[in-house]
Amino acid sequence: MKAINQVGPFFDEKEEVNLGTTISRRWLTEGLWTKKFIQGCVRVIGEEKILPAPNGSLGLYLSLLALELPKDSEVIVPSFTFYASAMSVVFAGLKPVFVDVDAETFNIDLIHAEKIVSSETKAIMPVHVYGQSVNMEDVGKFARKHKLKVIEDAAQSFGVKFNGIHTGLYGDIGVFSFFADKTITMGEGAIIVTKNKKLYEKIRLLRNQGRPNSGTFIHESIGLNFRITDMQAAVGFSQLKKLAKIRRSRNSNLKLYKKFLKNEGDIKFHSPSIGSEYIPFRAAITTKYKEAIMVELQKNKVATRSFFYPMHLQPKLIKYKRSENMEVSENLYNKGVCLPIHTDLTETDIETICEIVKKCIK
Ligand SMILES: *Cc1c(COP(=O)(O)O)cnc(C)c1O
């Protein structure tokens with residue numbers, strides 16, 4: 001059997017051509033492609049105030065800096081997320097406080113959040129995991145009630161709307177990642193989205209050495225270099241044109257998985273929240289046969305991934321743990337496995353993967 005990667009970017013000659021023009025133009029820093037890429041993102045998201053960032057992790061960090069929360073303020077973060085959500089909070093001099101997630105949608109559990117919110121809590125970071133949106137109307141209500149800023153980790157939800165509004169726009173700031181395994185990619189890269197003009201201007205200075213334009217040496221604000229290259233943007237721009245196709249392909253791949261694995265053992269698929277669009281990030285399933293499935297697929301050269309290891313159990317984050325067990329997050333790690341869903345897969349590939357999965361359950 002041929003090797004199947006866990007992720008695979010949807011590339012063709014377009015990316016090569018665009019990269020080639022960047023080189024021949026001899027302009028490698030933020031330039032024409034960056035401008036076009038941002039304009040493309042504006043069309044997808046429906047908001048003008050978008051800035052590029054080197055990657056999602058630094059995008060989240062920069063956004064938290066821009067919010068200027070008092071040092072050591074608490075930020076509510078779901079325990080079921082990628083490490084960077086929590087680490088951006090730590091790097092910004094703030095304290096992550098972890099809450100559990102919903103067992104079906106894997107999204108932040110606001111009932112749990114209600115129990116741990118305190119006078120020190122100043123922000124909440126909903127994470128749109130696996131290509132769907134958190135119920136942002138509920139998050140909005142919670143945030144208004146407790147006077148919290150909302151920063152959306154939208155690393156995995158580019159192209160995904162909740163009740164007709166793009167993720168990243170409900171909160172004060174939203175961050176999308178374009179790392180190699182994200183919905184669309186530029187290798188490394190991200191964008192920061194906000195509807196707030198002041199925050200936009202602040203981030204614009206913070207990301208570019210404290211000045212609105214390069215080439216001047218009076219720096220009105222603090223700032224460092226959080227820019228991207230035009231090479232990244234050239235790739236990103238061609239990727240934007242493929243978003244519709246990626247959306248269709250991933251949804252039809254997921255459908256095939258659901259067909260081939262229907263009523264197989266205890267297998268459960270991730271289910272997006274009601275009101276959310278879905279561009280499946282992985283074919284995310286939970287089953288007590290996780291280990292066996294991962295071992296067997298590895299033997300057959302199919303790359304899998306486990307789910308996230310809970311933040312409240314991470315060696316360097318355990319000190320922030322507040323509540324007792326977060327059973328859902330722990331259970332998801334124990335049972336969760338991601339199967340590949342990228343655009344390179346054929347129906348036969350998926351059928352073969354499912355045959356191996358079924359063998360493990362029998
Ligand atoms: C990928 C990811 C990030 C970090 O983005 P990078 O671009 O890899 O730095 C943060 N949060 C989540 C949920 C992610 O999936």
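Numbering of ligands and ligand atoms starts at 1, following listing order.
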message: Can you confirm whether or not the ring centre of Phe106 sits under 6.0 Å from the ring centre of His270?
response: yes

query: Which of the atoms of ligand 1 are close to Ala155, meaning less than 4.0 Å from one of its heavy atoms?
result: 2 (C), 3 (C), 10 (C), 11 (N), 12 (C), 14 (C), 15 (O)

statement: shortest atom 2 (C) of ligand 1-to-protein heavy-atom contact is with Lys182 NZ, 2.9 Å

- request: Measure the CG-CZ distance between Leu339 and Phe269 for me, rounded to the nearest 0.5 Å.
  value: 7.5 Å

field: Nearest-0.5 Å distance, NZ of residue Lys259 to CD1 of residue Ile350
entry: 10.0 Å

- request: Examine the proximity of ligand 1 to Val127 and report which part, side chain or backbone, both or neither, has a heavy atom under 4.0 Å away.
  value: side chain

query: Got an N/O contact under 3.5 Å between Ser57 and ligand 1?
result: yes

- prompt: Where on Asp153 is there a heavy atom closer than 4.0 Å to ligand 1, on the side chain, on the backbone, on both, or on neither?
  reply: side chain

- request: Please check if the distance between the ring centroids of Phe307 and Tyr333 is under 6.0 Å.
  value: no

Identity and separation of the nearest protein heavy atom to atom 15 (O) of ligand 1: Gln156 NE2, 2.8 Å

query: Given the side-chain rings of Phe37 and Phe237, with only the six-membered ring counted for Trp, is the space between their centroids under 6.0 Å?
result: no

field: Heteroatom distance test (Gly56, ligand 1): nitrogen or oxygen, under 3.5 angstrom
entry: yes

query: Hey, are Lys362 and Glu264 close enough for a salt bridge, meaning a charged N less than 4.0 Å from a carboxylate O?
result: yes

message: At less than 4.0 angstrom from any non-hydrogen atom of Phe179, what atoms of ligand 1 do you find?
response: 7 (O), 8 (O)

